Chemist: 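Got a structure here, written out as structure tokens. Questions coming.
Everything numeric in this text was worked out from a predicted model, so none of it was measured.
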Amino acid sequence: MLYSEKVMDHFTNPRNVGIMEDADGIGEVGNVKCGDIMKIFLKINDNTIEDVRFSTFGCGSAIASSSIATEMIKGKPLSQALELTNKAVVEALDGLPPHKVHCSVLAEEAVKAAIKDYYDKNGITYDDSLFPKEHDCEHCGE
């Protein structure tokens, strides 16, 4: 399957790339074994994602998934960002090849890990079930 125009656009012109030195929350997921490592940085103000950046080591699908996920959560309240799903990321990209869907899973997990990091750093209580357990690369299909 060829990549959609949206995947190619977000791969060749990724949005919100970079490291945020003063991030309120940082989420890093992935595994060298599957080849994709994704890091999301959040700037949070009044329970809303004011700014977001990402740093991804991986394939074009991983970069595109990171890029579109940051666009999908920027300016949103944390409660809404926590509702981000890998399915929504895939749909926003107009599809991913089946063997690349794990990239959208990483994007969802990285966003949630960054929010969890923010909650942990600030002593904010949360429901553990909102956050995925450690990423299991066995399900990546790589």
Chemist: Got a donor-acceptor contact below 3.5 angstrom from the Asp24 side chain to the Ile44 backbone?
Modeler: yes
Chemist: Roughly how far apart are Ile73 CD1 and Asn16 CG, rounded to 0.5 Å?
Modeler: 9.0 Å
Chemist: How close do Phe41 and Ser55 get, heavy atom to heavy atom, and via which atoms?
Modeler: CE1-CB, 4.1 Å
Chemist: Should we count NZ of Lys87 as having more than 12 external heavy atoms under 6.0 Å?
Modeler: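 Atom NZ in Lys87 is not crowded, with 12 or fewer foreign heavy atoms closer than 6.0 Å.
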Chemist: Between Asp36 and Cys59 (side chain of the first, backbone of the second, donor and acceptor by atom type, cut-off under 3.5 Å), is there such a pair?
Modeler: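 Yes; at least one donor-acceptor contact below 3.5 Å.
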Chemist: Is there a chain of hydrophobic side chains (I, L, V, M, F, W, Y, each step under 4.5 Å between heavy atoms) that links Met20 to Ile115?
Modeler: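 No.
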Chemist: Taking C-beta and beyond as the side chain, do Lys112 and Leu82 meet within less than 4.5 Å on heavy atoms?
Modeler: yes
Chemist: Linking I/L/V/M/F/W/Y whenever any side-chain heavy atoms sit under 4.5 Å apart, do Ile68 and Val17 land together?
Modeler: yes
Chemist: Out of curiosity, does Leu130 fall in the hydrophobic cluster containing Tyr118 (side-chain heavy atoms, cut-off under 4.5 Å, transitive links)?
Modeler: yes
Chemist: Do any N or O atoms from the side chain of Ser66 and from the backbone of Ala62 form a donor-acceptor pair under 3.5 angstrom?
Modeler: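 Pair found, side chain donor or acceptor close to backbone of Ala62.
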Chemist: Is Ile19 reachable from Ile37 through a run of hydrophobic residues whose side-chain heavy atoms are each under 4.5 Å from the next?
Modeler: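 In one cluster with Ile37: Ile19, no.
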Chemist: Got Thr56 and Cys103 here, is their nearest side-chain heavy-atom distance under 4.5 Å?
Modeler: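 No, their side chains stay 4.5 Å or more apart.
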Chemist: Any sub-3.5 Å donor-acceptor pair from Asp9's side-chain atoms to Glu5's backbone N or O?
Modeler: no
Chemist: Please find the pair of heavy atoms, one from Phe11 and one from Ala64, that lie closest to each other, and give the distance.
Modeler: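 Answer, listing the atom of Phe11 first, then Ala64: N-CB, 4.1 Å.
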Chemist: So which heavy atom on Val111 is nearest to which on Ala81, and how close?
Modeler: CG1-O, 4.1 Å
Chemist: What is the minimum heavy-atom distance between Ile63 and Gly58, and which atoms define it?
Modeler: CD1-O, 3.8 Å
Chemist: With rounding to the nearest 0.5 Å, note down the distance linking NZ in Lys39 to CG in Leu106.
Modeler: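 With rounding to 0.5 Å, NZ (Lys39) is 14.5 Å from CG (Leu106).
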Chemist: Has Asp117 got a side-chain atom pairing as donor or acceptor with Gly27's backbone, closer than 3.5 angstrom?
Modeler: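 Side chain of Asp117 to backbone of Gly27: no pair is present.
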Chemist: What about the rings of Phe131 and Tyr126, do their centers lie closer together than 6.0 Å?
Modeler: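 Close enough - the centres of the two rings lie under 6.0 Å apart.
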Chemist: Quick one: pull up NE2 in His102 and OG in Ser61 and give me the separation to the nearest 0.5 Å.
Modeler: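 Output value for this atom pair is 8.0 Å.
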Chemist: Which is it for Val52 and Ile40 under the side chain to side chain contact (heavy atoms under 4.5 Å, CB included) test, yes or no, and what are the steps along the way?
Modeler: CA-CA 7 Å; Val52 57; Ile40 298 273; 3.9 Å; yes
Chemist: First locate atom CG of Leu93, then atom CE of Met72, and finally report the distance between them rounded to the nearest 0.5 Å.
Modeler: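 Rounded to the nearest 0.5 Å, the CG-CE separation comes to 8.0 Å.
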Chemist: Using 0.5 Å steps for rounding, measure from the CD1 atom of Ile124 to the CG atom of Asn47.
Modeler: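 Between Ile124 CD1 and Asn47 CG, I get 6.5 Å after rounding to 0.5 Å.
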Chemist: Do Val7 and Asp94 touch side chain to side chain, with heavy atoms closer than 4.5 Å?
Modeler: no
Chemist: Heavy-atom distance under 4.5 Å between the side chains of Lys74 and Arg15, does that happen here?
Modeler: no
Chemist: Roughly how far, to the nearest 0.5 Å, is the NZ atom of Lys43 from the OG1 atom of Thr48?
Modeler: 13.5 Å
Chemist: Report whether Leu42 and Leu84 are members of the same hydrophobic cluster (ILVMFWY, side-chain heavy atoms less than 4.5 Å apart, transitive linking).
Modeler: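 Yes; Leu84 is reachable from Leu42 via cluster members.
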